[in-house]
Amino acid sequence: MGSLAVYGEEDVTAHECDDCGASFETLTRLRLHDCEDVQSETSVGSADLEQSESTDSSPADKRNAAVAELDTLLDRFSGGDRAALHDAVTEFESALSAALEEDDGGETYRDVFWSYHERVSDALDEAARATGWTLLEEVINAYDPTADDELPLVTPTIANAVGRNLIRTRLTDGVSAIPVVALEYLDGVAVAAGDTADTTQEEVHAYGWGIGHPNHSVADRLHARASEDIFSVNPTLEHAFYADQYAAVDLLESLVRDESIDGTFSRPARDDMPYRRYLLDSVYGLQTDDNWPGMPRYYDWHEEFDDTFELDDTVEQRIRDLVEEAGFDATLPNDWTFRDLGI
């Protein structure tokens, strides 16, 4: 795969493969492009031999080569070469793809992913903090979660950086300053990931910080996803309370009162848990200062901004009234607190 070359958005045909020179209208098409066929038709001599050797390489050889190049590119980025970051993301995807081909129960894949997830996330975040949303938007476009049947393997890492900057933008410049493309990306990842991609789903919880955006309704999207995606919606709603507790309690009320959200999940040695009751778990930590949401990984937004949260009395009362209205207080102590709503 050719390295990722990014140019201005005004030139819709300027995304070129460095290896074969082919041009593409979008970065996604460039990322999915395989130029080996082009090279095989146009290259001769030693180039043919190199390609043959590459084709015969084992997944372990490919992984080791990609990891070595990834280390080099991350070092270049740390040294001030901003352009190296795009290629670093490409090599991370290549390393993960090769690791996935190794038949060892996924152990190698996990080793590669967790060795570089934080480093690449940090690099993307650092670049975004230095240059604004432009770089992240380019990466989002290049690794579109809706462009293929399977999510790009670097999706959790990109989502991590997007989530960090979504929170940071909300706290520094307000919800309207969050690019719609960032919200659409996290929502698209949540939909495409399904309920088995735990790490990917966890990295999109910061989507809740977009609640109240004038051009993208986070509340509507979470409501639409609740029945099929409850284990992602619940922690995302928790984030929304820290962003705007009044908009979040509006959403919580509409969800708990929606009887069409009638799913349940089983619990060992206990009664099944209705989805609408589970949604109340989202307020578990609102009256404490020791239970901040833990996502995105490697980022303590409440420490960066010395953030504090105080639950408004009217919001607390609305939640209490909602619990009683739904009859969920029947199994709670008489003097129940929000801690008792936790699952």
Side-chain angles (χ1 to χ4, degrees), residues 1-4 27-28 30-36 53-78 84-126 136 139-164 185-186 188-206 229 231-232 235 294-299:
M1 180 183 299
S3 59
L4 185 62
L27 291 169
T28 295
L30 171 57
R31 182 179 66 80
L32 297 176
H33 163 60
D34 184 354
C35 63
E36 287 185 353
E53 292 174 346
S54 175
T55 301
D56 293 337
S57 297
S58 68
D61 291 337
K62 294 177 182 178
R63 168 180 50 84
N64 289 334
V67 166
E69 181 63 15
L70 176 57
D71 281 328
T72 298
L73 291 164
L74 289 174
D75 288 344
R76 281 173 48 193
F77 173 78
S78 297
L85 184 55
H86 286 293
D87 288 335
V89 177
T90 300
E91 289 300 331
F92 190 25
E93 175 86 3
S94 297
L96 290 172
S97 179
L100 199 61
E101 296 179 19
E102 297 185 50
D103 187 16
D104 59 0
E107 182 178 348
T108 300
Y109 180 88
R110 290 188 290 271
D111 285 347
V112 173
F113 178 81
W114 290 113
S115 294
Y116 289 94
H117 180 44
E118 181 175 6
R119 289 183 64 189
V120 179
S121 297
D122 285 348
L124 287 168
D125 184 42
E126 179 184 339
L136 280 181
V139 174
I140 285 171
N141 289 330
Y143 294 86
D144 183 349
T146 66
D148 204 354
D149 292 337
E150 297 181 355
L151 285 173
L153 299 175
V154 292
T155 296
T157 304
I158 297 170
N160 177 284
V162 170
R164 296 194 210 187
Y185 175 77
L186 292 183
V189 169
V191 171
D195 59 5
T196 59
D198 293 345
T199 301
T200 303
Q201 285 284 18
E202 289 168 350
E203 295 292 10
V204 304
H205 294 169
D229 200 15
F231 298 109
S232 175
M295 298 296 156
R297 287 176 174 83
Y298 323 119
Y299 180 55

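Nothing fancy with the numbering, it's 1 onward along the sequence. Here the structure is a predicted model, which is why all the values come from computation and not from measurement.
In this structure, Thr155 OG1 and Tyr185 OH are separated by 4.5 Å, a value rounded to the nearest 0.5 Å. A distance of 7.0 Å separates CD of Glu203 from OH of Tyr298, quoted to the nearest 0.5 Å. Here the CG-CZ distance, from Leu70 to Arg63, works out to 12.5 Å after rounding to the nearest 0.5 Å. Distance check, rounded to the nearest 0.5 Å: CG of Leu186 to CD1 of Ile140 gives 7.0 Å.
Side-chain contact check for Glu118 versus Arg297: every heavy-atom pair is 4.5 Å or farther apart. Looking only at side-chain heavy atoms (C-beta outward), Leu153 and Tyr143 stay at 4.5 Å or farther from each other. Residues Arg164 and Asp122 have side chains in contact (heavy-atom distance under 4.5 Å, counting atoms from C-beta outward). Side-chain contact between Arg119 and Asp71: present, with at least one pair of heavy atoms (C-beta onward) separated by less than 4.5 Å. In this structure, Leu124 and Leu85 have side chains that are in contact, with non-hydrogen atoms separated by less than 4.5 Å. At least one side-chain heavy atom of Gln201 sits under 4.5 Å from a side-chain heavy atom of Asp229. Counting heavy atoms from C-beta on, the side chains of Tyr116 and Val67 come closer than 4.5 Å. A 4.5 Å side-chain heavy-atom check between Phe113 and Pro156 finds at least one atom pair inside the cut-off.
The shortest heavy-atom contact between Phe92 and His117 is CZ-N, 4.0 Å.
The salt bridge (Lys or Arg N to Asp or Glu O under 4.0 Å) check on Glu126 picks up Arg82, with sequence neighbours excluded.
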